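Notes follow the structure.
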Amino acid sequence: MRICTVKSAANNDFFEQVYAVVRLIPHGRVTSYGAIAKYLGAARSSRMVGWAMNASHSLPDVPAHRVVNRQGLLTGKMHFSTPFEMQERLKQEGVEVVNDQVQDFEHKFWDPQRELEL
DNA sequence: CCTATGACGCGTG
DNA sequence: CCACGCGCCATAG
């Protein structure tokens, strides 16, 4: 049965794929919108990934806080219940965040293309 | 139908 | 380092 009442079925599928990848992000790791888009074969549709995150509010098993932009900046923190939730949740997982910037980003970064498809 | 906007990314100057 | 522009595509007005 359909959980979402989305007009476009194809779009619904895209969202599902995004969520599937996000759910696979390991505890204490982060990835970027672009990396997810690229992994799904839509490298230039990173904006849609962000849109999918926006729609993932009601999905508790989708760790949207582990998705940041390519620089490791918490650009989406404003969309959480509080601007600090994203940073706090990352902090709890051992991801240091200073001034919206994920510290040691290169090391924390989790690339689905590289980590999954081996 | 058309324009503006965006939790993005990449190229240029 | 900063400012802009463009591509991408769904949504809102």
Side-chain angles (χ1 to χ4, degrees):
Chain A
M1 80 190 219
R2 307 254 162 90
I3 301 175
C4 305
T5 39
V6 184
K7 295 168 187 173
S8 169
N11 177 50
N12 187 19
D13 189 57
F14 178 73
F15 273 42
E16 270 189 50
Q17 293 184 69
V18 172
Y19 299 149
V21 176
V22 175
R23 275 190 276 256
L24 294 176
I25 303 174
H27 190 273
R29 304 290 293 285
V30 297
T31 191
S32 72
Y33 306 95
I36 294 172
K38 187 175 182 180
Y39 178 70
L40 296 179
R44 297 178 177 91
S45 300
S46 45
R47 283 193 147 138
M48 296 303 96
V49 177
W51 202 256
M53 291 299 94
N54 205 5
S56 74
H57 268 266
S58 55
L59 305 174
D61 58 330
V62 177
H65 62 283
R66 296 187 189 139
V67 185
V68 297
N69 78 347
R70 76 178 188 103
Q71 306 172 56
L73 289 173
L74 309 191
T75 50
K77 65 171 193 172
M78 313 304 236
H79 296 268
F80 285 78
S81 50
T82 72
F84 305 100
E85 187 178 326
M86 193 172 189
Q87 179 173 330
E88 289 300 313
R89 295 190 65 175
L90 287 173
K91 180 79 174 181
Q92 287 174 38
E93 299 183 358
V95 179
E96 199 90 15
V97 178
V98 178
N99 196 17
D100 297 342
Q101 168 67 56
V102 173
Q103 301 301 291
D104 196 19
F105 181 56
E106 287 181 33
H107 190 61
K108 301 287 184 186
F109 185 67
W110 180 84
D111 182 1
Q113 189 78 60
R114 194 183 62 196
E115 308 280 349
L116 294 179
E117 192 176 337
L118 291 179

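Naming convention: chains lettered A, B, ... in sequence-line order (proteins, then strands); numbering from 1 in each chain. Remember, predicted model here, so these are calculated numbers, not experimental data.
Under a 4.5 Å side-chain heavy-atom criterion applied to ILVMFWY residues, the cluster that includes V95(A) comprises V30(A), V68(A), L74(A), F80(A), M86(A), L90(A), V97(A), V102(A), F105(A), F109(A) as well.
Partners of S81(A) by side-chain hydrogen bond (donor to acceptor under 3.5 Å, both in side chains), not counting sequence neighbours, listed by chain and number: E85(A). By the side-chain contact (heavy atoms from CB on, under 4.5 Å) test, R29(A) is found to be paired with I25(A), P26(A), W110(A), E115(A), residues two or more places apart in sequence or in another chain being considered. With sequence neighbours excluded, no residue forms a salt bridge (Lys or Arg N to Asp or Glu O under 4.0 Å) with E88(A). Listed by chain and residue number, F15(A), Y19(A) satisfy the side-chain contact (heavy atoms from CB on, under 4.5 Å) test with A55(A) (two or more places apart in sequence, or in another chain). Applying the side-chain hydrogen bond (donor to acceptor under 3.5 Å, both in side chains) rule to K77(A) yields the partners D100(A); only residues at least two apart in sequence or on another chain are considered.
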Inset, instruction - Do nucleotides 7-13 of chain B as a string where each nucleotide becomes B, S or -: B if the base has a protein heavy atom under 4.0 Å, S if just the sugar-phosphate does, - if no protein is that close. - result: BBSS---
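Residues from residues 93-109 of chain A with heavy atoms under 4.0 angstrom of DNA chain B: there are none.
Note on residues 55-66 of chain A: pairs passing side chain to side chain donor-acceptor pair (under 3.5 Å), not counting sequence neighbours, are R23(A)-D61(A), H65(A)-E93(A), R66(A)-E93(A).
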